[in-house]
Amino acid sequence: MIHARIAGTGSYLPGEPVTNDDLVARGVDTSDEWITTRTGIRARHFAESGVTASELALVAARRAIESAGREAGDIDLVIVATSTPDYIFPSTATLVQAGLGIRNGGAAFDVQAVCCGFVYGMAIAEKFIASGSHRRALVIGAEVFSRILDWTDRSTCVLFGDGAGAVVLEASSAPGVRATALHADGSNHSILCVPGNVADGKVIGDPFLRMDGQAVFKFAVKALGDVAREVTDIAGVPHESVDWLVPHQANIRIIQSTARRLGLPMDKVVTTVDRHGNTSAASIPVALDCAVRAGQIHAGQRVVIEGVGGGFTWGAALIDF
Ligand code: UT7
């Protein structure tokens, strides 16, 4: 049987941290006290105007390839999870592939599952590798959410940031990704969305992120609690055997509620939301890379990653490092 193991991780956050007080100074009608109390967010990063998701992704990808001890030419599958692609087409994945100098490579495509996109990407890559069709995948989450924020809507613009994270997932005889679970419920599409499009050379509809925060909050807590249990059950391992939970980084209160539902102490939960805000599809691979580079997550440990996002989409993966 062919398994898929994580061989390397990388991430990139553009520019200097932008604090809550910096947002106030830029004219957002908010306060550090409100943002930290309601969300746990203290800072986030924003890409310079004109910097694209593929540019952030490329830096994270190079770092992941380097940490795996591989060359770009060893990669035969590139999956980019993003809701803020460079273009309508071609895919951001093909731009990353080109940036890495891969010519005549394997498959490259984008996945659109918003904040759960990286989990979807990992599940897809694992199946490609387990089937024997591909040997070494680059799975990336990359976002420039600053481009879709309405700076006059304080209930959303303070929550998000830009960034990219990547992993190299490769074929192995030893288990790595042991279980995945993916879900969606399109009936909830309107509680978190960017309900606009481009047609006839014009923006049609609303090009900014809109959210019913409380509805999203309730949905996220239940979905994340349930799906983490689901992957431990599929893998047939006890919940207590999980060394680290790496959840989507949207709000510390959602993360704390999820940990409580799982009976996991917070010292087993990776949190970066305070420093990075919500970077959507990038949040899980960035948090994973931070924990690996900080020496928290290491070989021999069991990790659950889980995400929830617009669509609604949600999912998890149980991974032995
Ligand atoms: O990737 C998934 C993406 N999204 C999420 O995970 C978000 C999930 N939801 C949440 O995290 C929370 O619902 C929020 C942090 C977005 C909001 O927290 P809340 O406790 O649900 O606040 P609320 O929307 O009920 O607003 C409470 C008050 C309102 O004022 P009034 O009507 O009580 O006078 C808002 O106008 O807070 C006000 N408010 C703000 N005040 C200062 C909303 N945003 C802000 C702000 N600064 N940035």
Side-chain angles (χ1 to χ4, degrees), residues 10-15 44-62 64 75 77-100 102 105-125 137-150 156 159-167 182 184 186 189 192-211 248 276-286 307 309-313 315:
S11 62
Y12 176 62
L13 294 151
R44 74 288 289 145
H45 293 247
F46 294 131
E48 296 267 326
S49 160
V51 172
T52 62
S54 75
E55 290 173 84
L56 306 187
L58 197 52
V59 182
R62 288 198 177 110
I75 302 293
L77 173 63
V78 181
I79 300 178
V80 176
T82 185
S83 299
T84 46
D86 292 26
Y87 304 123
I88 291 176
F89 74 80
S91 70
T92 309
T94 55
L95 302 177
V96 172
Q97 193 207 41
L100 289 171
I102 302 170
F109 56 87
D110 289 2
V111 168
Q112 165 53 296
V114 202
C115 302
C116 195
F118 180 76
V119 179
Y120 268 59
M122 287 289 280
I124 295 165
L138 193 52
V139 185
I140 304 170
E143 303 283 13
V144 281
F145 253 52
S146 55
R147 307 295 142 74
I148 53 169
L149 297 178
D150 175 355
T156 55
L159 305 176
F160 296 91
D162 302 336
V167 306
L182 301 181
H189 67 271
L192 176 53
C193 55
V194 179
N197 204 334
V198 175
D200 304 324
K202 294 192 286 276
V203 173
I204 308 295
D206 181 353
F208 294 119
L209 184 150
R210 302 298 175 202
M211 179 171 71
H248 172 47
H276 306 155
N278 181 348
T279 57
S280 191
S283 91
I284 295 170
V286 169
F312 250 68
T313 55

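The two atoms that bring A64 and L138 nearest to each other are CB-CD1, 4.5 Å, heavy atoms only. The nearest pair of heavy atoms linking C116 to T313 is CB-OG1, 3.4 Å. Minimum heavy-atom separation, A142 to T82: O-OG1, 2.7 Å. Considering all non-hydrogen atoms of both residues, V80 and A93 come closest at CG2-CA, 3.5 Å. Considering every non-hydrogen atom in both G309 and L192, the closest pair reads C-CD2, 4.4 Å. Across all non-hydrogen atoms, the minimal contact from F160 to F145 is CD2-CD2, 3.5 Å.
At a threshold of 4.5 Å between non-hydrogen side-chain atoms, the residues V114 and F312 do not count as touching. Contact of the I148 side chain with the P207 side chain is not registered, since no non-hydrogen atoms from C-beta on lie closer than 4.5 Å. In this structure, the side chains of C115 and N278 come closer than 4.5 Å at one or more pairs of heavy atoms. I284 is not listed as a side-chain neighbour of M122, based on a closest heavy-atom distance of 4.5 Å or more. Within the 4.5 Å cutoff, the side chain of P85 has heavy atoms near those of the D110 side chain.
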- Task: Report the C-alpha distance between I204 and V198 in whole Å, list the side-chain angles of each, state the deciding distance to 0.1 Å, and finish with yes or no for side chain to side chain contact (heavy atoms under 4.5 Å, CB included).
- Result: CA-CA 6 Å; I204 308 295; V198 175; over 6 Å; no
- Query: Run the side chain to side chain contact (heavy atoms under 4.5 Å, CB included) check on V119 and H248 step by step: do they pass?
  - Reply: CA-CA 10 Å; V119 179; H248 172 47; over 6 Å; no
- Could you check V194 against S83 for side chain to side chain contact (heavy atoms under 4.5 Å, CB included), going step by step and ending with a plain yes or no? CA-CA 10 Å; V194 179; S83 299; over 6 Å; no
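Listed by chain and residue number, nothing satisfies the ring pair (Phe, Tyr, Trp, His ring centres under 6.0 Å) test with Y12 (two or more places apart in sequence, or in another chain). For T279, there are no side chain to side chain donor-acceptor pair (under 3.5 Å) partners two or more places apart in sequence or in a different chain. By the side chain to side chain donor-acceptor pair (under 3.5 Å) test, S54 pairs with T52, D86, sequence neighbours left out. Not a single ring pair (Phe, Tyr, Trp, His ring centres under 6.0 Å) links Y120 to another residue, sequence neighbours left out.
Identified under the salt bridge (Lys or Arg N to Asp or Glu O under 4.0 Å) test for residues 44-62, with sequence neighbours left out: none. Sorted by first and then second residue, the pairs that involve residues 194-210 and meet side-chain hydrogen bond (donor to acceptor under 3.5 Å, both in side chains), not counting sequence neighbours, are D150-R210, D206-R210.
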